[in-house]
Student: 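One structure, as structure tokens, below. Some questions next.
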Amino acid sequence: MYQQDQNSLFPGDDSIACLVRTEAFEGPLDLLLHLIKKNELDIYNIPIAEISRQYLDYLDIMRELNLDVAGEFLVMASTLIQIKSQMLLPQITDTHDEELGQDPRAELVRRLLEYERYREASALLVARELLDRDVFARNFPSEELEAFPSEDELPVVEMFELVDAFRRILAKAPKESFHEVGSENISIADRISDILEFLQGRESVDFEELFIGTNTREFIIASFLAILELCRLRMIRLSQFENYGMILVQSAIIAETDPEHP
Amino acid sequence: MKEMTLKQIIESILFVSDSPLSLDRLYILLEEFEHEDIKGAVAALADECNVSRRAIELIQVAGGYQFRSRSEFADYIRRLKKLKPVRFSPSALETLAIIAYRQPVTRSEIEYFRGVDSGGILKSLLDKKLIRIIGKKDIPGKPLIYGTTREFMETFSLKDLASLPTLREIEELAVSGDDMDQVPLPLPEM
Amino acid sequence: MKEMTLKQIIESILFVSDSPLSLDRLYILLEEFEHEDIKGAVAALADECNVSRRAIELIQVAGGYQFRSRSEFADYIRRLKKLKPVRFSPSALETLAIIAYRQPVTRSEIEYFRGVDSGGILKSLLDKKLIRIIGKKDIPGKPLIYGTTREFMETFSLKDLASLPTLREIEELAVSGDDMDQVPLPLPEM
């Protein structure tokens, strides 16, 4: 029963003769497909001039109705105009032209076909037996199962949940900490972790040793920022015994393996 | 469509219910059927489970009817529970997220963000080996510093910490609004 | 205690599990039994549900086995479960279809196919756990890549991804000699 409702959301059949259709167009491709079907056109040989005219007419009507014409619709309008003008040009036969023999409509046609294909696929998907619509499972904790204590196992969690949790935290975190929480300093975290590991069990290392690795700009910047951050956190100490001499890096961390549990 | 018997209808309802259903509740749900017929169908269903030696029985509990696995299978169900992946509590997830994105980080920094005591959660994350103690910070009080582990990376199939999605990337997803459904554009016939 | 058959044991486990269980999981849970016997018992259990005309069937979904109510009882079950039936907007379905068939896929690839901004829908599908972030693509900009989840297969009653409805073949375009499916997309710079 819900199936029918959903299928009718897909525009396509033109039996509705009312002035204003209530179905939403998902985007410019949806509108174009509608125009092609309505005019019973061959998708492989679209009369671009005619389709462009109808497409632009539609945008005009949207404006007349004071509707916001989404940017994507305008982008497609300019694409159509561009294709139309290319079609008007005589076939160029220059050998250096990479587009030699390429129908200017080819890419648009390909997108329309792919789009139509995925839309058909989505109709097939929603026509399946949907969980919690057509079929139901015992997807809740059974009392028999819950009667047993939970064992500590590695939990299952999606990456998105983790990031989303951090977003929640930031949303309620004290304001002044906002600027500090750069989202781009993740690779610095990597370098911090690596440097601390590298320093573990060593008395001191040459500053420059910390830059050995990939010689990319990003790596060097991340390493440098990591060292600065570690200094700020007082997790490492830097020392230099003479001007321009070797800079020694020492871990300021007291090794600790016995966790303090509250 | 096959013909549905009342017994099947009741079986389907009891199967998907997460709590026992009383006869009164069934009478309301299946208002087009006679009370006597419903009662009879429930009894027949209970009998059937016994006769056909199924692992499930229909029992009367808490004033209602419920399908339950028979008690002799408890040992096997316990094994399932052991294998069942645990889900993260929101607070564990929050704490893990703070450590992942702000490491190396101390407990008081974590609690500054969360606004609540986080000792218990840190211990549980340590037990699960998702975080580790990197060391002690050389400042008064010598607080422990936490970071994520190899197991953390494996749990999230991360190549390195740089592969964590950045906040900006997630924020960008929400930019265009939370609209599942776009504003309908009415199309006049042309 | 009555004698337990392997079929009964499996029935009890599948009954109490809140998600589909794969054969591999059953092999681990029931280590004292032969794999062949377990497989046979699962098949026998599925047959039995059909033969005895129960309201429940044992189906293969998301790489595992799960008891589910037959679709003809949906109307009655909906009376019990007052939850809103899942509804998908066409935009959500389109986006899901593209991700399902082309995964792993980036946001800009999805938007190329749909022709519209899809950030809001991606966020919403992530919230619903129908899609997930798989990682980052190793190209400049390192965009996030998306794929479908186990919940997606469960929701659409799919045994596995290979069981997705077959896409209609697209007639080869005269202008393009390449395979349509994996041609690099002419994407705009991000």
Student: If you tally heavy-atom pairs under 4.5 Å against chain B, which of C:E48, C:K7, C:R25 wins?
Tutor: C:R25
Student: Measuring heavy-atom distances to chain C, does B:E57 have an atom under 4.5 Å in its side chain, in its backbone, in both, or in neither?
Tutor: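 Neither part.
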Student: Please determine if C:R79 and C:D75 form a salt bridge, counting it only when a charged side-chain N lies under 4.0 Å from a carboxylate O.
Tutor: no
Student: If you count heavy-atom pairs within less than 4.5 Å of chain C, which of B:S69, B:S12, B:S52 leads?
Tutor: B:S12
Student: Step through the shown structure and confirm whether more than 12 heavy atoms of other residues, nucleotides or ligands are within 6.0 Å of CZ on B:R150.
Tutor: no
Student: Out of C:I13, C:L122, C:L126, C:I28, which one racks up the most heavy-atom pairs below 4.5 Å with chain B?
Tutor: C:I13
Student: Could you look at C:I9 and say if it's the side chain, the backbone, both or neither that has a heavy atom under 4.5 Å from chain B?
Tutor: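 For C:I9, the contact with chain B is made by backbone and side chain together.
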Student: So which part of B:L30 gets closer than 4.5 Å to some heavy atom of chain C, the side chain, the backbone, both or neither?
Tutor: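 Both parts, backbone and side chain.
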Student: Ring centres under 6.0 Å, that's the criterion: do C:F88 and C:F156 meet it?
Tutor: yes
Student: With a 4.5 Å cut-off on side-chain heavy atoms, are C:Y76 and B:V16 touching?
Tutor: no
Student: How far does OH of C:Y146 sit from CG of C:L96, to the nearest 0.5 angstrom?
Tutor: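 Nearest 0.5 Å value for the OH-CG distance: 13.5 Å.
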